[in-house]
There are 2 protein chains.
Amino acid sequence: MRLKTTTRVSVSAIRLRYLYEVVAAGSMRAASDKLGVAPSSVSRQVAQLEEELGLPLIEKGRREIALTEAGEMAVRYYRHQISEEEAFLSELEDLRGLRKGTVVLALGEGFVGQPLSAVLHEFTSRYPDMRLKIRLGGTNEVLRLVAEDEAHLGMALETPVDPKIRVWKAVPQPIKAIVSAKHPLGRKKKVTLTDLARYRLALPPRNFRIRQLIAQAEQKEGVFLTPAITSNSLLILKNFAQFEEGVTLLPELASIAETQAGTLRSIPISNEALSQTQVQIVLRVRRQLPAGVMRLLHLLEGYL
Amino acid sequence: MRLKTTTRVSVSAIRLRYLYEVVAAGSMRAASDKLGVAPSSVSRQVAQLEEELGLPLIEKGRREIALTEAGEMAVRYYRHQISEEEAFLSELEDLRGLRKGTVVLALGEGFVGQPLSAVLHEFTSRYPDMRLKIRLGGTNEVLRLVAEDEAHLGMALETPVDPKIRVWKAVPQPIKAIVSAKHPLGRKKKVTLTDLARYRLALPPRNFRIRQLIAQAEQKEGVFLTPAITSNSLLILKNFAQFEEGVTLLPELASIAETQAGTLRSIPISNEALSQTQVQIVLRVRRQLPAGVMRLLHLLEGYL
DNA sequence: TTATCTGTTGCGTTAAACGCACATAAGCCT
DNA sequence: AGGCTTATGTGCGTTTAACGCAACAGATAA
């Protein structure tokens, strides 16, 4: 698409302003006082505006200035323009003061459910006019959104390396065995994959990063886990552990509320691939982030 | 009333424009080509705009430029501003091309009725988007309107001298005796006040300039006319002459349609004050008139 | 990695706006 | 009518903003 190539005529803002001040002050001298410039300058600018527009704006040859019809139009236009500008600047002020704006946060599957609610609640209440968009998706989806500037921030588990992605912060987030308090494994300090294989398991589907990490561990140890149940809902997985005496494998964060309440326990797994996983906050390399996003970023950092 | 003294911040138009062209062209270099300036200038203006607004507008450090949220707002604002400016300029264009505008014409009492309709019709049809305001009033009212710029032009009978009023054109417009074709005076070439005193008369009220001129003539000749009927409606006066065999005294113009049709006759009066009256087109001294007004002025000149 | 785009910065140049001083014109007052 | 006051318009030298050129640095693609 080719844009117009017409040379823009652009009515000089300063000249319009001078005209307006002249009318408001009632004379060029008064206007020049208010503007802090010499009267000659005012006179010239108004004259040049008339030349630009090709029409007389003030009726000359009299003591008090009086606008012509074109002058009235010009002043009306200027006033309108000013009010629009003020609206624009005030909008900008909101943005500068972090009061407005949109932050898009992409979350990996590890966070599906009601995670982060404390952080997000703090953010939305501290900046009530900021809109927060949360996009959920698999780890790869998160990366794509961040790489293509469709999301400002991403949080996901064990993100693969990508030249366009910068890992801002990574914190250990081992995948643990989640069981109910009454479960036989509940008293153990550590479990092996072999231990787990003896119990009924609930696991996420194969396209989930968690499941891929589990697969890596299975490969390495030669032990293969067969889930009794597969679900992309973390809640279902957790319910399976809590009410059906089963076991599920999740990052600690995903069940932190229940472990703190005592209804579930999270047991470390003695496998490197699972115990050394990290949750990562990612953004696009060299991307300039709006201030609001930085705030959320810091909140998330503190949370992890 | 004191106006605001806040120093206006005024977002630079050129910088906004450069920003806009940059995003439209996709790069600063392309924009500089289109704008016909060096790329360095574009870069600087955009940087200065960012400084003025206190916010980054484009995300730096990448090949293709991308706007920040503030940048989006700025471009949106600029586009809006441009469309407003175009509307303004096009309005102005109308004005310049005489297609639009308002002309205020003040008419004295001698023109009440349906006079000038040919001229006014020609004017309104030739400049269909020009608005024509006609204010009717006594001669003094006409002069006040013109003196105080509430009317562009005035037409009245025998206007008194006034330093603020300039007589643009004056044409003789004697006050004549108006009678029906069958009236005894209808055959005379000239009548005196004494002649008139013998018939039933219809005259305008005393606050009309016509009546004041008649009074001057009465004073001078020592003959006093007693009207059978007094009315501020020229139509009533003329009807009195036409259907009730009476006489009325009016400027020739006021009954020109009827005299041409032959239903009324206008007889000169042998009195200096009445036979030498003039109708005058007046305007304020040194007033600059819009082009549209000049056109009407010339049309009126031609008519008289 | 190199080649070639991009945006940025330093510095001398051009053009717009300015201030000062003075000329000119309009309105007011006697 | 004529002087007096006050306001706008003009010539000219000065200041400031925008510019062009050239060199540099960062980023993408081969």
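Naming: A, B, ... by sequence-line order, numbering from 1 per chain.
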Item to complete: Starting at atom CD1 of B/Ile65, determine the distance to atom C1' of C/dC5, rounded to an integer number of angstrom.
Response: 16 Å

Discussion item. Taking B/Arg284 first and then A/Glu59, would you say they form a salt bridge - that is, a charged N and a carboxylate O separated by under 4.0 Å?
Written reply: yes

Worksheet item: What is the distance, rounded to the nearest whole Å, between atom CG of B/Asp33 and atom C1' of C/dT6?
Response: 13 Å

Discussion item. Below the 4.0 Å mark, does C/dC18 have OP1 or OP2 next to a side-chain nitrogen or oxygen of A/Tyr18?
Written reply: yes

Fill in: Interatomic distance, A/Arg17 CZ vs C/dC18 P [rounded to whole Å]
10 Å

Worksheet item: Using a cut-off of less than 4.0 Å, is there contact between a side-chain N or O of A/Ser43 and OP1 or OP2 of D/dG9?
Response: yes

Discussion item. Just so I know, are the side chains of A/Leu145 and A/Val104 near enough to count as touching, which here means a heavy-atom distance under 4.5 Å?
Written reply: no

Worksheet item: D/dC21 base to B/Ser40 side chain: any donor-acceptor pair below 3.5 Å?
Response: yes

Item to complete: Look only at the side chain of B/Arg17 and the backbone of B/Tyr78, and say whether a donor-acceptor pair between them is shorter than 3.5 Å.
Response: no

Worksheet, complete the sentence: Rounded to whole Å, the CD-C1' distance (B/Glu59 to C/dT6) equals 16 Å

Worksheet item: Are OP1 or OP2 of C/dA16 and a side-chain N or O of A/Gln48 less than 4.0 angstrom apart?
Response: no

Fill in: Separation of atom CD in A/Glu51 from atom P in C/dA17, rounded to whole Å
12 Å

Practice prompt. Give a yes/no answer on whether the side chain of B/Gln45 brings an N or O atom under 4.0 Å of OP1 or OP2 in D/dC19.
Written response: yes

Discussion item. D/dA18, OP1 or OP2 - any side-chain N/O from B/Arg15 closer than 4.0 Å?
Written reply: yes

Worksheet item: Can you tell me how far CZ of B/Arg44 sits from CD of B/Glu51, rounded to the nearest 0.5 angstrom?
Response: 13.0 Å

Worksheet item: Where the side chain of A/Thr139 meets the backbone of A/Arg209, is there a donor-acceptor pair that is under 3.5 Å apart?
Response: no

Discussion item. Any N or O donor-acceptor pair under 3.5 Å from the base of C/dG7 to the side chain of B/Arg44?
Written reply: no

Worksheet item: Tell me: CD1 of A/Ile14 to P of C/dA16, nearest whole Å?
Response: 13 Å

Worksheet entry | Nearest-angstrom distance from the residue atom CZ of B/Arg29 to P of C/dT4 | 15 Å

Worksheet item: Between atom CE in B/Met28 and atom P in D/dA25, what is the gap in whole Å?
Response: 19 Å

Worksheet entry | First encountered from the 5' end of DNA chain C, between B/Pro39 and A/Ser41 | B/Pro39

